[in-house]
Structures are given as C-alpha cells and as structure tokens.
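All of these numbers come straight from a predicted model, not from anything done at the bench. Labels below follow one simple rule: chain letters A, B, ... track the order of the sequence lines, proteins then strands, and each chain is numbered from 1.
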Amino acid sequence: MAKETGFMSWKKLNFGIAITNPGNAAELKTGDWRSMRPETNKEKCTKCAQCYIYCPDMVYSKDAEGYYIQNYYYCKGCGICAHECPVDAITMIQEVD
Amino acid sequence: MSKQIGIEVSIACAEAAGLCDVDVVAAYPITPQTHIVEHLSEMVADGHLDAEFVPVESEHSAMSACIGSSAAGARTFTSTCSQGYALMSELCYIAASLRLPIVMAVANRALSAPINIWNDHADLMYARDTGWIQIIAENGQEVVDLTIQAFRMGEDPNVSFPVQVNLDGFTLSHMIEPLTIPDKADVDKYLPPYRPKLRLDPANPVTFGAVGMPDIYTEARKAQDEAFKNSLPYIEKAWDEFGKQFGRYYKPVETYKTEGAETIIISMGSISQTAMTAVDMMRAEGKKVGLTRIRLFRPFPAEALFAAIKGAKNVIVLDRVTSFAGGHVSGPVALEVKSILYDRKHHPKLRNFLVGLGGRDVTDQNFMEMVDQVAASKDDGVPVAYEFINVRE
Ligand code: SF4
Ligand code: SF4
C-alpha cells in the first residue's frame, strides 16, 4: 500500500516527468502537513457520508458498522469535513509534538 | 522535383509546414504572423492539407491546444509573435518540460509599449529561458528550410523539445522572394513520421504535467537541463542530413569573411544580410572585418561561437531588444558572448549595440560606423554596457 514517496535521482525520472503508473497519488503522503486532526463522535454521527464526499483527499472509508473513519496517512487537516458535517459530529483537535 | 517560385515568405512558411504533413494547427492571428496562419487555414479548408485547424480564441488557448494535440501524438504547428507570444508564454514552459516537439514560427516583432507591430527580437528574447530550441532565419529560403528541419530536430527521440523558428516580422514575413520549395517526396524522406516515446493513449494511460513538490522539482529541472544540453549534436545532425539531401547547409554558428578578421560583428536574423554587404564594402576598403551569425540561440552553441570569434581583437555584438537591466550590464546576446569569453579568459575589446528596435532600419552605413567607433575606442577600463544606435538626441 501507501509508502513514502518522492526521493529519486534525476536520472530515474520518466521522460517528460510523465507518470506512467496511473493512480500513484494513492502513495502520496499528505498527512504530514496537518496541524489539526478531525475526530468523529459516533454518538452524533448519522452515517450520512457528507465527510466522505467532501474530503479532498479520500481520507474517509466506511467501516463494517457503516461509520466513516479517517485514514490519517492522507488527512491534511483542512477541516472541510468538520465544516460540512450536518450534525457537528466532527471536531478538529490540535496535533501535539 | 523541387520548384522555384516567387512567393511571400509567410505563405512559403505555411506551405513548408504543410509539406511536413502537420496533423494539427492551433493558432490565433497577429500581425505580422497573420499570413502564415491564414494560409494554413486556407490549405485545410480547401482540402490541400489533411489537418485539424483549430481557430482558438487566444494565443493562450493556441498553445494549450498544441500541448494537448502534441501530447496525443499529433504533429503540431502554430505561429505567433510579440504580445501574442507574451500571452501564450505561460504554456510554452510547459510544452518544453513535457518534451513536446511542437513547431512554432515566430514572426519576430517588438513588444509594447508603445504599440509597435514592427520587427525586433523582443519576443525571441522573451522566450529564451522557456526550454524551446530557438533557430533563426536570415532570408526566405531559410524560413522554408528551418520550418522543415524544426520538425526533424524537435521530434528526434534524442531531442524531443519544441522548436521556435524565428523570422523577422515584415522584413522576412512579408517579402516576396524566389524560393525553392522542396518536393513532398523528398521531405517525406527527410522527415520520418512522428513517433513519440509517450503519448496520451487510453490503452496505456499516462499523466503529463502532474505536480512536482520540492522533493522532486530540482531533479525534474536537472533532467530537463541535461536533455536540453545533450540535444545539440542531434540538432546539428538534422542540419547535416538536410544539407546532404537538399544541398543547403546550416550550422549553429555561421561565419562570413572571419578569416584574419580583426573586428568581428555578431548578429542574428535578417540584418545579417545587410551586415554581409557592409562587410564586403569594408573589406574592399582594406578593413579586416568579418561577421558571425548565430543561427541557434537555444541551446546556446558556446563552443562554436568561441571558435568563430577567438581570433578577433574587437567584437561587436548586436542586440535587437531593450532588456531594462538598469544600464550597467549588456543586452542578452552580449551577455552570452561575454559569459563564454570570461570562462575562457579571452578578453577582446567588446562593444554591445542596441539596433533595429521596433522596425528601425539598420543600414550598411550603421555597421561601418560601429566598426570604426570600436576600432577608435580606447579600452580604458571604464565599462560600457551597451549603446543605442540610431537614437535621436
Ligand atoms: S480535515 Fe480535510 S483532509 Fe482531513 S479528513 Fe477532513 S476533509 Fe479530509
Ligand atoms: S458528515 Fe458527520 S454525520 Fe455524516 S457521516 Fe460524516 S461524521 Fe457522520
């Protein structure tokens, strides 16, 4: 699955910096930009999937119970999900360290 | 059989692109390039050229369409100049980085303000850092030949860069000259079909022009720089093979009467033809003057240029653009020349003149004045970055 990307010799780059393995954005770690982390309160969540739809980085996926859970490898902390959640189930928490 | 006909150079340029079987032309008209594009649109409309002509709404869109069509594997041609070039320039960088061998004829024209539709090299210099190959024609025949050669050199898999064919606006674009138009079968022999290394193809999906973050941008630029540097021998090969096949030879740097010359003038484009006349006149008077013409401005042929001028005591470099650097450094061509001389610790007396701005004539008399002025000037250690010629006080 996802791995750290980006470090390679200029000699190894594709011709015209083309990407020849489509879908490799899935490997790109966008989760290390984040200063705030979204957390979902399952008591409030109605499983409406708005967070899943609005998240620009495909962070959310549905779990066995139908809740939408975050994959923090991708979450850049933009807060869109928290803003869009119709029942305010998502809270942005300050990352520490 | 090739044929010799009296023809306007712009029309001949369009015919040359047609002989190369271009698949797509996306262009927007601008004086003095208009006839090139008009004629191509006629050729397509009349069924003489089997190509897609895309009448876009701006030069920005023209280059966008060219990038798309070239990335899909189509042989692509466009033409512009001046403000039109400025508008499309954003895309030109991308065409080069994506290694798309688009060919563009630039009917060189001054940049505003004041609004000026006449010839100088402002657009040529505007483009110098974009990563395009820049070749420069001196006369109508060269426009025809360079247009054909541009596809060959750009599409060479060892090159794969877009190519700008520069022709002076009006002084070349609107001249009617007797020109040799090569035979289609000969052009087909010289120019194999375009076979891109990678192209947009639903069966083999690729992404062109993705984001490159700080961890890869430097490597991407280094790779492009190396590829551009290494393209020079293949550009020369395209010229050599054209020479062998058509009998007209081209080189990155061309010289005229530089044997034993004490003073060498360095010029680019159609004023070189006037300069040759001036050199003949000065030689007849016993003055040891020669001319070096830069045919390839990017990639810059440093070795060849140094070889051409290294014997000279005086070097005169002509720039046909104002670069507004603050008055204490030279114009863009002179900067390149100074840079190669500095690296080789060879310091002839060098003077940089700004000439032919916005369509101002450069006469044989002007060349003689420059040569005399440089010969008479003392190298007293006071730097002279450049001087305007023909400016009214
Ligand atoms: S904070 Fe932004 S990136 Fe992270 S899960 Fe929410 S919408 Fe997606
Ligand atoms: S938007 Fe809010 S309520 Fe809807 S699924 Fe996401 S967290 Fe639950």
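- Residues A:L13 and B:I216 have side chains in contact (heavy-atom distance under 4.5 Å, counting atoms from C-beta outward).
- The shortest non-hydrogen separation linking A:M8 to B:E219 is O-CG, 3.3 Å.
- There is no contact between B:Q224 and chain A, counting heavy-atom distances below 4.5 Å.
- The two atoms that bring A:I17 and B:S97 nearest to each other are CG1-O, 4.2 Å, heavy atoms only.
- Contacts from residues 194-201 of chain B to chain A, taken as heavy-atom pairs separated by less than 4.5 Å, involve B:K197, B:L198 in sequence order.
- Heavy-atom contacts from other residues, nucleotides or ligands closer than 6.0 Å to NZ of B:K189 number 12 or fewer.
- In this structure, A:P22 and B:P205 approach most closely via the heavy-atom pair CG-O, 3.4 Å.
- In the displayed structure, B:Y234 atom OH is contacted under 6.0 Å by at most 12 heavy atoms of other residues, nucleotides or ligands.
- Taking all atoms of both residues into account, the shortest heavy-atom contact from A:W33 to B:M213 is CZ2-SD, 4.1 Å.
- Considering every non-hydrogen atom in both A:I19 and B:A210, the closest pair reads CD1-CB, 3.4 Å.
- Dense packing is recorded around CZ of B:F53, with more than 12 heavy atoms of other residues, nucleotides or ligands lying under 6.0 Å away.
- At most 12 non-hydrogen atoms from other residues, nucleotides or ligands lie less than 6.0 angstrom from CG of B:D50.
- Environment of CZ in A:F15: crowded, with over 12 heavy atoms of neighbouring residues, nucleotides or ligands closer than 6.0 Å.
- In this structure, B:E241 places its CD atom where more than 12 heavy-atom neighbours from other residues, nucleotides or ligands lie under 6.0 Å away.
- Within 6.0 Å of OH in A:Y72 there are more than 12 heavy atoms belonging to other residues, nucleotides or ligands.
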